[in-house]
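Taking it in order: structure first as structure tokens, then the write-up.
Values in this document were obtained by computation on a predicted structure and should not be read as measured data. Just so it is clear, the values below take in all heavy atoms, side chains as well, and ignore hydrogens, waters and symmetry mates.
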Amino acid sequence: MADIPQSGLVGLDYKELSSLAQKLGQPDYRARQLFEALYPQRLQALESVSTLPKEFRAMLKSQGMEIQHPRIEKCFHSTDGTIRYLFAMADGETVETVWMPEGDGGEAGDGTEAGDSEWDRATICVSSQVGCAVNCQFCLTALLGVKRNLSAGEIVGQVLAVLNDRKADLARQRVNIVFMGMGEPFLNYPNFMKAVRLLTEGVGFPESRMTVSTSGIIPRIHEFGEEPVRPKLAISLNASNDAVRSAIMPINKKWNLEMLMQAARDFPLRNRERLTFEYVLLNGTNDSVAHAREVVELVRGIRCKVNLIALNPGPGIEFGMPTEQRVQAFQNILMKAGIPAFVRRPRGRDIYAACGQLKRTVA
Ligand code: SAH
Ligand code: SF4
């Protein structure tokens, strides 16, 4: 799949800005000023970069170099405070990004729309590809297929645009990033990892506030474990045996559960870090007591937690939502075996912003 060429300034790292400055006959501190403007200051146009002389800005523009964030095409507000953004990239392709505030003003609780300013914690769920090729049978993004990878700039750009739209102050408010939007981040590995580095070195996110989720691209899990700076890892397990997993996640035919669990066991966790397994509960398919017991056996000995997600339904998805009792029973079996298990509450289901519901719907 062809990668989109780098366009504009967002996505360039310090080294690349340095060689750009050099190419344009500028001293190196100009690169530092640009870096500061792009990432920590989150400026949205060269005009606003008052530290740079006018001539240099004009020179950059004449080279097609602007600060361009993805454009907010639409946004949908949920009653729980969640916002789903539809972003348009420079070539017109669109992806979705989700803002989930928590704390005082995050969730109104009474069903009215939550206030904009009174949140103190929030999570941004970002996309890594336009669509997804992995074709999990319960996921709406899968129905799109994959159009293309996002560039590092487009991944970082989603974060910058949402932070600016929400007027976030990272010194005061705690924001987490999850790479769990549209796409499989580990099938766009170099761009995803470059985005991670720009977010940590530039925008100011500690690595501990980021989590990436993968459907199980084994070679990349190994590579990811070797990264000096990396988000936490979540693995979409979603089934307790190969028969079920292959039926709902075709990728399991390439990398089966034995390979996946071996990669999970080999994964070098940091001090006090836990691996997360995500498990989407599909009524009557993978959510029985027997399945729960198989999960206990699979994860035995791995320092981990399990996030249970009841299926978020959608048009074209053949599976049903499990009842509350089945979810509870599943959770209880894991907990009794000493495995921390959490039921993830769906966010923004009313606006199609919940897990697996991102499909660029316009309404
Ligand atoms: N492609 C990556 C990350 C994005 S999906 C991955 O699959 O891990 C993020 C999570 O949403 C995954 O754990 C996935 O299993 C889950 N998910 C997908 N479709 C869902 C649905 N319809 N309901 C609930 N969760 C879903
Ligand atoms: Fe792709 Fe993840 Fe959806 Fe599977 S669940 S199709 S890997 S986005």
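- Side chain of K232 to backbone of R274: no donor-acceptor contact under 3.5 angstrom is found.
- The two atoms that bring S213 and S236 nearest to each other are OG-OG, 3.4 Å, heavy atoms only.
- Although no hydrogens or angles enter the test, the distance criterion places no donor-acceptor pair under 3.5 Å between the side chain of Q63 and the main chain of L60.
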Using side chain to side chain donor-acceptor pair (under 3.5 Å), reason through S128 and E184 one step at a time and then give a plain yes or no.
CA-CA 7 Å; S128 55; E184 167 51 61; over 6 Å; no
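- At a threshold of 4.5 Å between non-hydrogen side-chain atoms, the residues V98 and I83 do not count as touching.
- One finds no salt bridge joining R148 and E93 here, because no Lys/Arg side-chain nitrogen approaches an Asp/Glu carboxylate oxygen to under 4.0 Å.
- By the 4.5 Å heavy-atom criterion applied to side chains, E318 and Q137 are not counted as neighbours.
- Exactly one of N283, N332, V343, D287 qualifies for a side-chain contact (heavy atoms from CB on, under 4.5 Å) with V327. That residue is V343.
- For the ring-ring contact (aromatic ring centres under 6.0 Å, His included) test, no residue two or more places apart in sequence or in another chain qualifies with F277.
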Evaluate the criterion side chain to side chain contact (heavy atoms under 4.5 Å, CB included) for residue pair V126 and L150; output intermediate values, then yes/no.
CA-CA 11 Å; V126 303; L150 292 181; over 6 Å; no
Show which side-chain atoms of residues 257-266 pair as donor or acceptor with protein atoms under 3.5 Å away, not counting sequence neighbours.
unit_1	atom_1	unit_2	atom_2	d
Q262	NE2	D266	OD1	3.1

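- In this structure, T141 contributes its side chain and L358 its backbone to a donor-acceptor pair below 3.5 Å.
- When atom types are taken as modelled, the side chain of S127 and the backbone of E96 share a donor-acceptor pair closer than 3.5 angstrom.
- Between V49 and I67, some side-chain heavy-atom pair lies under the 4.5 Å cut-off.
- A donor-acceptor pair is defined here as one N or O able to donate and one able to accept, closer than 3.5 Å; no such pair exists between the side chain of N286 and the backbone of A239.
- The shortest distance between side-chain heavy atoms of V146 and L187 does not fall below 4.5 Å.
- D165 pairs by the salt bridge (charged side-chain N to carboxylate O under 4.0 Å, His left out) definition with nothing, not counting sequence neighbours.
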Can you check side chain to side chain contact (heavy atoms under 4.5 Å, CB included) on V175 and I124, steps first, answer last?
CA-CA 7 Å; V175 180; I124 304 176; 3.9 Å; yes
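- Checking side-chain atoms of Q357 against main-chain N and O of P313 turns up a donor-acceptor pair under 3.5 Å.
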List, one per line, each side-chain donor-acceptor pair under 3.5 Å for residues 302-309, sequence neighbours excluded.
unit_1	atom_1	unit_2	atom_2	d
R303	NH1	R270	O	3.3
R303	NH1	E273	O	2.6

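- In this view, Y39 and F35 satisfy the ring-ring contact (aromatic ring centres under 6.0 Å, His included) rule, not counting sequence neighbours.
- For the pair S215 and R245, the tightest heavy-atom approach, listed with the atom from each and the gap, is O-NH2, 2.9 Å.
- Remark: F186 pairs with Y189, F192, F224 by the ring-ring contact (aromatic ring centres under 6.0 Å, His included) rule, at least two apart or across chains.
- Side-chain atoms of I72 and F87, non-hydrogen and from C-beta on, do get closer than 4.5 Å to each other.
- With rounding to the nearest 0.5 Å, the separation of CD in Q33 from CG in L52 is 5.5 Å.
- With hydrogens and angles left out, the side-chain atoms of E294 and N241 include a donor and acceptor closer than 3.5 Å.
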Given side chain to side chain contact (heavy atoms under 4.5 Å, CB included), test V244 with H291 step by step and report yes or no.
CA-CA 10 Å; V244 178; H291 293 128; 4.2 Å; yes
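- Counting heavy atoms from C-beta on, the side chains of Q173 and K167 never come closer than 4.5 Å.
- A salt bridge (charged side-chain N to carboxylate O under 4.0 Å, His left out) check over residues 29-40, counting only residues at least two apart or in different chains, returns the pairs R32-E36.
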Please walk me through it: do N149 and Q129 pass side chain to side chain donor-acceptor pair (under 3.5 Å)?
CA-CA 4 Å; N149 282 333; Q129 297 182 302; 2.8 Å; yes
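- Here R220 pairs with E223 under the salt bridge (charged side-chain N to carboxylate O under 4.0 Å, His left out) rule; sequence neighbours left out.
- Hydrophobic cluster of V178: the remaining members, joined at side-chain heavy-atom separations below 4.5 Å, are M180, listed by chain and number.
- Remark: E66 engages K61 in a salt bridge (charged side-chain N to carboxylate O under 4.0 Å, His left out) (not counting sequence neighbours).
- Side-chain atoms of R344 do not come within 3.5 Å of backbone N or O of V280 as any donor-acceptor pair.
- Q41 is linked by a side-chain hydrogen bond (donor to acceptor under 3.5 Å, both in side chains) to nothing, counting only residues two or more places apart in sequence or in another chain.
- Checked against ring-ring contact (aromatic ring centres under 6.0 Å, His included), F319 has no partners two or more places apart in sequence or in another chain.
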